[in-house]
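Read through the structure below, which is laid out as structure tokens, and then see the notes.
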Amino acid sequence: MELQQMRYVIAVAETNSFTRAAQRCLVVQSALSHQIARLEKELGAKLFERTSRRVRLTAAGAAFLPAARQCLDAAERAAAEVAAVSGEVRGRLALGLIPSVAAVDVPAVLREFHRRHPKARISLSVGASDELVERVRQGDIEVAFLGIPVTARPRGVMARELARERLVAVVSPDHPLAGETSVDLRRLASEVFVDLPAKTAGRAQSDLAFAAAGLTREVAFEVTNADYLTRLVGAGLGVALLPPAYVEGLAGVATIEVTDAPSRAEYVIWGREGRTPAAAAFLDLLGIGQERAQASPAHS
């Protein structure tokens, strides 16, 4: 069984097409099909069901795929470790971040990282803080940037707090509050809100603040993407509470200081197991050395 065969299987599984998989792998389709057929013969099982209209994994293929991915990841990591001995950083760097991260200029850091380590491959995932913590725990991504309530802490990962900030109210330019210099939570409680989904870390910071003040509010619109959230606010569908550094460059909305605003803490997190050379180089670029790492317990 060869690594190249595993790459071909993964490519077909992800594209649902032998043609597109061959294009991705930069080989002719006949060569890719031949290698997969060889692997199926060696395994004694078909990995794909092929029809004129579709390609899909068989039960055997679905069982084979996770192990194939693990083997390729292990091989890439081994090659990266060997290269690191001679001072070369290569391999994959899997990053995650929330859309509203503000403590770090991520594009600028990635630009510098790529300049220093051009042979490293970077994959970037955008998601909610809770999801990113779990993916780091599982090893799916290596480093992530989050925003969570200041009373919380990422669990089961290594973590470094980067910054704390008080949220601001965000309204449409023609909203009655748009001309105000400040407002409090009691006044905002009478407004209709646009917010992230319930029980997410990004939503919790606001929910906790209103609950602590003995107030309730109506969240009429739940949005998973912070960028689209601000579009709904700009359209006058509701108000939102967001980090000031995130909204300061946005057009089409007005911001107002909240005197008793909730706060959030931004963190960078990474796995508790050994770092890959690419992850170590990225964290070093952020000024985070191995000796300064802080582990969080696995459970609350």
Side-chain angles (χ1 to χ4, degrees), residues 1-97 106 110-111 113-127 131-132 134-144 270-271 273-282:
M1 188 182 305
E2 301 173 2
L3 291 176
Q4 193 64 267
Q5 292 172 324
M6 295 185 191
R7 290 191 179 94
Y8 292 163
V9 170
I10 293 169
V12 173
E14 292 179 347
T15 62
N16 295 314
S17 166
F18 278 72
T19 301
R20 290 192 293 272
Q23 292 170 346
R24 176 192 288 189
C25 297
L26 303 177
V27 296
V28 296
Q29 182 178 332
S30 59
L32 180 140
S33 298
H34 176 69
Q35 287 298 323
I36 290 180
R38 280 185 56 199
L39 178 60
E40 289 176 326
K41 183 177 180 180
E42 180 182 344
L43 295 172
K46 288 289 185 182
L47 300 177
F48 296 99
E49 292 179 355
R50 307 164 177 85
T51 69
S52 59
R53 293 187 174 183
R54 61 188 299 182
V55 174
R56 67 180 182 181
L57 286 166
T58 63
F64 178 81
L65 190 61
R69 287 190 170 122
Q70 290 175 2
C71 286
L72 280 183
D73 287 343
E76 288 190 358
R77 180 160 183 167
E81 295 287 355
V82 171
V85 173
S86 61
E88 180 183 70
V89 174
R90 57 190 299 183
R92 183 179 74 117
L93 172 62
L95 297 177
L97 76 163
V106 176
L110 289 177
R111 182 174 61 244
F113 179 84
H114 182 65
R115 186 190 69 78
R116 295 186 186 185
H117 312 294
K119 292 189 177 180
R121 295 181 293 106
I122 300 164
S123 63
L124 192 62
S125 301
V126 179
E131 170 197 350
L132 295 174
E134 184 59 29
R135 291 184 66 186
V136 169
R137 282 196 200 115
Q138 294 177 353
D140 183 35
I141 57 179
E142 296 168 277
V143 181
W270 60 99
E273 302 300 325
R275 309 176 190 175
T276 63
F282 184 80

With sequence neighbours excluded, tell me which residues meet side chain to side chain contact (heavy atoms under 4.5 Å, CB included) with L57.
A13, F48, L65

Where P66 and A62 come nearest, the two heavy atoms and their spacing:
CD-O, 3.1 Å

Could I get the full list of side chain to side chain contact (heavy atoms under 4.5 Å, CB included) partners for R111, not counting sequence neighbours?
A108

Within this structure, what is the CZ-OG distance for the pair R50 and S33, rounded to the nearest 0.5 Å?
7.0 Å

Do the side chain of T15 and the main chain of R20 share a donor and acceptor less than 3.5 angstrom apart?
no

Can R54 and N16 be said to form a side-chain contact (heavy atoms from CB on, under 4.5 Å), step by step?
CA-CA 7 Å; R54 61 188 299 182; N16 295 314; over 6 Å; no

Between atom CZ of R7 and atom SG of C25, what is the distance when rounded to the nearest 0.5 Å?
9.0 Å

Which pairs, with at least one residue in residues 21-34 and sequence neighbours excluded, count as a salt bridge (charged side-chain N to carboxylate O under 4.0 Å, His left out)?
E14-R24

Strictly distance-based, threshold 3.5 Å: is any side-chain N or O of E40 a donor or acceptor partner for the main-chain N or O of L47?
yes

I need the minimum non-hydrogen distance between S123 and A94, along with the two atoms involved.
OG-CA, 3.4 Å

Should Q35 and Q4 be marked as a side-chain contact (heavy atoms from CB on, under 4.5 Å) after you check the CA-CA gap, both sets of side-chain angles, and the distance that decides it?
CA-CA 8 Å; Q35 287 298 323; Q4 193 64 267; 5.9 Å; no

Across all chains, not counting sequence neighbours, the side chain to side chain contact (heavy atoms under 4.5 Å, CB included) partners of V28 are S30, A31

Please report the interatomic distance NE2(H114) to CZ(R121), rounded to the nearest 0.5 Å.
12.5 Å

To the nearest 0.5 Å, how far apart are CD in E142 and OG1 in T276?
3.5 Å

The single option from L110, I141, L132 that satisfies side chain to side chain contact (heavy atoms under 4.5 Å, CB included) with L95 is L110

Salt bridge (charged side-chain N to carboxylate O under 4.0 Å, His left out) against E131, all qualifying residues, sequence neighbours excluded:
R135

Check: L39 and Y8 side chains under 4.5 Å, non-hydrogen atoms
no

Can you name the side chain to side chain contact (heavy atoms under 4.5 Å, CB included) partners of R115, sequence neighbours left out?
E112

Scanning both residues in full, the closest heavy-atom pair of V136 with W270 reads CG1-C, 3.5 Å

Min side-chain heavy-atom separation I36-F18 under 4.5 Å:
yes

